[in-house]
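If you're wondering where the values come from, they're calculated on a predicted model, not measured in any experiment.
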Amino acid sequence: MNGTDFRLFYEKYAIYKLAEHLGIPANKIRHLTLKNVTSVADAEYEGEKYDIKFAIPTLPNKSKRIAIWDFDLHKRLNGKMVGHYGSDYLICVGMLKAIPAKVFIVPTNIAPKRHLRISIQGKSKWHEFEI
């Protein structure tokens with residue numbers, strides 16, 4: 001299994017969680033990157049596009065002792081780094097020891113352009129989007 005295989009595997013997990021949240025069968029959601037790994041969005045359902053992001057625990061700086069998930073929202077498009085353009089929602093999957101721990105669905109119109117940081121312990125303004 002290569003890196004793309006792992007990414008697609010975890011994207012399928014995120015799609016399953018989205019389907020569970022929406023109360024629909026997972027096969028109703030189109031997995032766009034399954035057919036085209038360079039697709040701008042990763043999934044689509046009824047015209048809404050979803051960009052799936054993953055993050056592992058990290059410390060924001062040397063003085064901080066509480067780990068966060070730092071989701072990199074940049075995307076390479078035609079050789080240029082761009083924000084999360086082309087998607088209506090971000091599905092952010094926080095990983096712990098290579099296992100998905102929490103999933104958040106954040107509308108892109110309120111998300112930052114570069115990084116979305118969510119605390120692992122405690123609460124942040126992004127926890128209201130946890131599914």
Side-chain angles (χ1 to χ4, degrees):
M1 218 181 227
N2 62 33
T4 300
D5 292 336
F6 277 109
R7 189 181 102 216
L8 293 173
F9 173 79
Y10 286 123
E11 283 180 358
K12 286 180 184 179
Y13 170 82
I15 289 169
Y16 171 79
K17 293 301 285 183
L18 173 62
E20 188 178 77
H21 175 70
L22 296 174
I24 61 168
N27 64 359
K28 296 281 186 187
I29 299 171
R30 289 185 21 200
H31 189 177
L32 301 174
T33 50
L34 191 59
K35 293 184 180 181
N36 179 8
V37 294
T38 61
S39 176
V40 174
D42 298 314
E44 181 179 25
Y45 176 68
E46 292 189 344
E48 300 283 320
K49 293 188 178 178
Y50 299 85
D51 195 7
I52 302 170
K53 300 293 185 180
F54 302 91
I56 60 173
T58 185
L59 293 174
N61 59 47
K62 291 181 181 181
S63 67
K64 303 277 184 174
R65 296 178 188 240
I66 298 174
I68 62 167
W69 287 303
D70 185 359
F71 296 96
D72 184 0
L73 304 182
H74 288 92
K75 192 165 223 150
R76 187 168 295 280
L77 182 63
N78 298 326
K80 292 183 178 181
M81 293 301 285
V82 297
H84 39 73
Y85 303 104
S87 296
D88 301 297
Y89 294 92
L90 299 168
I91 301 177
C92 299
V93 180
M95 308 288 284
L96 291 176
K97 297 182 181 180
I99 298 172
K102 292 194 178 187
V103 179
F104 306 86
I105 298 179
V106 179
T108 55
N109 65 338
I110 63 167
K113 296 293 180 202
R114 295 185 178 267
H115 290 271
L116 177 63
R117 295 176 177 98
I118 301 176
S119 63
I120 294 173
Q121 297 175 350
K123 294 285 183 185
S124 72
K125 65 181 178 180
W126 304 112
H127 278 87
E128 71 180 85
F129 299 101
E130 183 179 350
I131 61 168

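Proximity of the aromatic rings of Phe129 and Phe104 is defined here by a centroid distance below 6.0 angstrom, and this criterion is not met.
Residue Ile29 is grouped with residue Val103 when hydrophobic side chains (ILVMFWY) are merged at heavy-atom distances under 4.5 angstrom, including chains of intermediate members. There is no path of hydrophobic side-chain contacts, each under 4.5 Å, that joins Val93 to Leu32. No continuous path of hydrophobic side-chain contacts links Trp69 to Ile99 [ILVMFWY only; heavy atoms under 4.5 Å]. Cluster membership for Ile131 and Leu22, using ILVMFWY side-chain heavy atoms within less than 4.5 angstrom, is shared. In the hydrophobic clustering of this structure, Phe9 groups with Ile52; members are Ile, Leu, Val, Met, Phe, Trp, Tyr whose side-chain heavy atoms approach within less than 4.5 Å, directly or through other members.
A salt bridge links Arg117 with Asp70: the closest approach of a Lys/Arg side-chain nitrogen to an acidic carboxylate oxygen falls below 4.0 angstrom.
Side-chain contact between Leu34 and Glu11 is absent, with no heavy atoms from C-beta onward closer than 4.5 Å. Inter-residue side-chain proximity for Ile24 and Tyr45 is flagged as met; some heavy-atom pair is nearer than 4.5 Å. Looking only at side-chain heavy atoms (C-beta outward), Ser87 and Tyr50 stay at 4.5 Å or farther from each other. Between Ile68 and Ile118, the closest side-chain pair of non-hydrogen atoms is not below 4.5 Å.
From Lys97, atom NZ reaches atom CD1 of Ile56 across 13.0 Å, with rounding to the nearest 0.5 Å. Of the inter-residue distances, the one linking Lys49 atom NZ with Arg30 atom CZ reads 8.0 Å to the nearest 0.5 angstrom. Taken from CD1 in Ile105 to CD1 in Ile91, the straight-line distance is 5.0 Å, to the nearest 0.5 Å. A distance of 12.0 Å separates NZ in Lys102 from NZ in Lys17, rounded to the nearest 0.5 Å.
Put simply, the side chain of Asp51 never gets that close to the backbone of Leu90: no donor and acceptor are under 3.5 Å apart.
Counting non-hydrogen atoms of neighbouring residues, nucleotides and ligands closer than 6.0 angstrom, the CG atom of Leu96 exceeds 12 such neighbours.
Taking all atoms of both residues into account, the shortest heavy-atom contact from His115 to Pro112 is O-CG, 3.2 Å. Closest non-hydrogen pair, Ala19 versus Ala26, comes out as CB-CA, 3.5 Å. Smallest separation of non-hydrogen atoms from Thr33 and Ala41: CG2-O, 3.9 Å. Scanning all heavy atoms of the two residues, the minimum distance from Ser124 to His127 falls at N-ND1, 2.9 Å. The nearest pair of heavy atoms linking Tyr89 to Glu48 is CE1-OE1, 3.0 Å.
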